[in-house]
Number of protein chains: 2
Amino acid sequence: MDERVPRDFETLRATILDRRESLPKRIAQIAAYALDNPDDIAFGTAASIAASAGVQPSTLIRFAQQLGFDGFTSLQQVFRERLRERNSSYDERLQALRAKADSGAGHRAIFDGFVAAASTSLNDISRTLDEAHLEDAISLLAKAETIYVLAKRRSYPVASYIAYALGKLKIRNQLIESAAGLNAEMVGFATPADAVIAISFSPYAPATIEEARSISEQGVPIVAITDSSFSPLAQFAKVWFEVAEADFAGFRSLSATMALAMALTVGVGEKRRDSGKRRRG
Amino acid sequence: MDERVPRDFETLRATILDRRESLPKRIAQIAAYALDNPDDIAFGTAASIAASAGVQPSTLIRFAQQLGFDGFTSLQQVFRERLRERNSSYDERLQALRAKADSGAGHRAIFDGFVAAASTSLNDISRTLDEAHLEDAISLLAKAETIYVLAKRRSYPVASYIAYALGKLKIRNQLIESAAGLNAEMVGFATPADAVIAISFSPYAPATIEEARSISEQGVPIVAITDSSFSPLAQFAKVWFEVAEADFAGFRSLSATMALAMALTVGVGEKRRDSGKRRRG
DNA sequence: TATGTATTGGAATTATTATTTCATATTGAC
DNA sequence: GTCAATATGAAATAATAATTCCAATACATA
């Protein structure tokens, strides 16, 4: 028999979702209950679970068998394993990660190091983010006709994600790429009715700074994401955010910057939807 | 009787620690085991736990009774409740944040949501990453003459960061961009001596899949980062990673993918340096 | 509508597991 | 060293829980 039994929760979940349509009524009922209340499956007895889900214990067993398990008990193992793996608290794990990464034990340690750096950065930013700045930045950007997105090198991935997200939200935007010498002209099109998101970290890419200066001289408001108050970007910006990313193996995390970037993007999307409603309503 | 039975894990833990000195030998043994392996207590049977701890089942029951429980079963409830709460905290927090953001509770909630999604994703991946796959992927990539990086749309920011990092590490690489119809030719240059990092998540960009297929038919080994075993990328890949990113407000986090991408990149850098040393030394 | 097939409910059966019991061992006080 | 009190081991027993079975029902097909 090539019947492949799901051994981890995610596979199991996918399998259930996949077959959902073809399941008999009562089996589907217990399937839905299982995905909605995985903890109950992990700890309950066949009888108690069946009762909560409104079916007979035998149905529960048939459900398990239909998925390839030989009974309820082995299905339950998967749900228990899931809980087991989520066990240790976040801080404990982070601490363990740091220790392991420091001890330099193979490639897993490298990975752990990046995870730890990302987590640290996220922690930091959620502590230090200035809410008023966030509101200001979003208001400013929401009013813009076109949002220009300006970033090079290390910050470029963030810019490209912003551009992608703005596009999906149907917000007009222009990514200022460094393909040719066309940037200067592109920047020249911006007017005070537009706005810029500029991202740059030390060592600041000279092109980014130059373009930011030039665009701000045209009276275009800038929202900057950068790493210190000494950053040249901070001087040109109407609103700026200080984001401290932890680094590992010479590369800084992008996770905090990404989170902020997405909050700005989605925030602008929401603000536009709201004010659109208000204007129309 | 004013015998106060600990109802939550922390109280229980404190109680045990408090009485540690005065407990009989075997009871102390099971007490230590319980605090060291709380998960085993939560999921095991009296017999299996007793065996692991090196005592008789009856001792386990006596231990429970000494703490004021009326048997092993009620002691076990406390250990199960602990897991239940731990587990729900993250998912529930994310869920709560989503609800809060939906209800239009300010932009800070959106930001918090993205931070939580990123944290959750990092949490997940550091739990589920397969170390052997990581080693395989790094070995494979370290041997490549040129590393091609293939990703579109949502995954593109990751690809661009990989390309940036590879460049800084002086590792020859080629980002397959979608600027023009040149991709097909670019892909055509790859040989079995090269390698590909391909990244794609559901809904898989057709271009990515097509290019991955064609490049794998040329015998170029592929390392894929994708989101499920059903992904078409998984079929073409020599090594593939399953990364589950949490989403918020319709946008998935990239943090886990980024961490993995950086680990691959830096891992390849280290491996090359090492084997370079060996060759020269 | 008739007929075979798949699904379901509920009780009987089997299994697993917790608990109790009792014989034995250990410990500490005198 | 002896005695009493306490602790422990091992197996018997009780309890709980999973599974199976069969009759009843719903469902689809001709």
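Everything numeric in this text was worked out from a predicted model, so none of it was measured.
Distance CD (Gln77(B)) to C1' (dT17(C)): 14 Å, rounded to an integer number of Å.
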Completion exercise
Once base and sugar-phosphate atoms are separated, protein heavy atoms under 4.0 Å mark nucleotides 21-26 of chain C, 5' to 3', with B, S and - as BB----
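Inspection of the Glu245(B) and Thr257(B) side chains reveals an N or O donor paired with an N or O acceptor under 3.5 Å. If you check the side chains of Arg26(A) and Gln29(A), you find a donor sitting under 3.5 Å from an acceptor. In the model, Lys152(B) has no side-chain atom that pairs as donor or acceptor with a side-chain atom of Ser200(B) under 3.5 Å.
No engagement by Leu60(A) is indicated, since no non-hydrogen atom pair under 4.0 Å with the nucleic acid exists.
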Practice task
Test side chain to side chain donor-acceptor pair (under 3.5 Å) on Asp8(B) and Thr11(B) and set out the steps.
Solution key: CA-CA 6 Å; Asp8(B) 66 286; Thr11(B) 312; 2.5 Å; yes
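Overall, the helix from dT1(C)-dA30(D) to dC30(C)-dG1(D) carries an axis bend of 30° between its ends, with five pairs at each end and the value rounded to 10°.
Note on Asp39(B) versus Arg82(B): salt bridge recorded, some NZ/NE/NH1/NH2 to OD/OE distance being below 4.0 Å. Using a 4.0 Å cut-off between a side-chain N of Lys or Arg and a carboxylate O of Asp or Glu, Arg13(A) and Asp18(A) do not qualify as a salt bridge.
At least one side-chain nitrogen or oxygen of Gln65(B) sits closer than 4.0 Å to the OP1 or OP2 atom of dT20(C).
The outermost nucleotides of DNA chain D lying under 4.0 Å from heavy atoms of chain B, listed 5' to 3', are dA7(D) to dA10(D).
Each of Lys25(B) and Pro57(A) has a nearest nucleotide on DNA chain C; the 5'-most of these lies closest to Pro57(A).
The CD atom of Gln77(A) lies 9.5 Å from the CZ atom of Phe72(A); values are rounded to the nearest 0.5 Å.
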